[in-house]
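For ligands, and for the atoms within them, numbers begin at 1 and follow the listed sequence. The residues of the chain are indexed from 1 along the displayed sequence.
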Amino acid sequence: MSLLDVIALGATAGAGAVGYGYAESMAFTTRHLDANVLPQGSEPIRVLHLSDLHITPAQTRKIRWVNSLNALQPDLVVVTGDFLAHQLAVPAVIEALGALTERPGLFVLGSNDYFAPELKNPFMYFSKSRTIKGHGRSLPTQDLVDELTRAGWSDLNNAQTSLSIGALQIHARGTNDPHIKKDDYAKVAGKFADGAFALGVTHAPYSRVLESFSRDDADLVLAGHTHGGQVCIPFYGALVTNCDLPTKQAKGLSTFTTSQRSMPLHVSAGVGTSPYTQIRIACRPEATLLTLHSKNN
Ligand SMILES: [Fe+2]
């Protein structure tokens, strides 16, 4: 085989992987998971966890799919940031969420809700020492927050709220995005309310924020940001999380453990990707319907 043959073979394989990765990035999947995290004696509730929508106005298929999730009839919707991927995406996000905004909802923001996506070197995600810089153009973040809060959703960026679903009291708190150091846990610190389901929400699951939620006795933390590793090795999993979370916790339900206690963590692999890297391998875009049950069920 000549050098030219080897180069041609490599180029064909690369093009095939890119084509496959694009197709998988459109293979929207709904996952159903159960977790025993509610105060004893609570009736189950359904929580729809969405993350990393990365919506542009042209993504009509994604918008329609997100819109269809209302049929799952969740009791609560939680979105863990990175809604936007375009200057004009706020109306598209509201269109995608559709009737979901009429349900109780909680949200935090991710870095991509502040800055427009830019073309990046994908190998930088393998560098542990990389610094986070070079943000793109500013996005209409406040318009997004205004639309969501006008619909009745609670903004948990370094903030907290209480709500009830049936007889269940929920004390939810969140941080702004730790990936760009906008988290200020001190603004919400202190033990969660006695007797309530204690829910922590953040975009990027950095250990400093997870440790804070755990210290205050959170029953469950929801996060996104990792894209589940996005380009994974089949039967092995993620190679990166783009934060200090171990790769084995890049997506799904896991346990975050400190020397004091263990706490359930759900990381969503997310719905979207940057428009510049619309590829997923062995890591489908997802929404998760978490059915939460009482502890020791
Ligand atoms: Fe993201």
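Among residues two or more places apart in sequence or in another chain, the side chain to side chain contact (heavy atoms under 4.5 Å, CB included) test is passed with Ala193 by His171, Ala196.
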- Query: Can Thr80 and His49 be said to form a side chain to side chain donor-acceptor pair (under 3.5 Å), step by step?
  - Reply: CA-CA 8 Å; Thr80 47; His49 180 190; 2.9 Å; yes
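Counting only distance, with no hydrogens or angles, the side chain of Lys182 and the backbone of Asn157 share no donor-acceptor pair below 3.5 Å. Put simply, the side chain of Thr29 gets close to the backbone of Ala27: a donor and an acceptor are under 3.5 Å apart.
The Fe ion (ligand 1) sits nearest to atom OD2 when only the N, O or S atoms of Asp52 are considered. Distances from the Fe ion (ligand 1) to each N, O or S atom of His227 single out NE2 as the nearest. When the N, O or S atoms of Asp82 are ranked by distance to the Fe ion (ligand 1), OD2 comes first.
Not a single N/O/S atom of His225, whether from backbone or side chain, sits less than 2.8 Å from the Fe ion (ligand 1).
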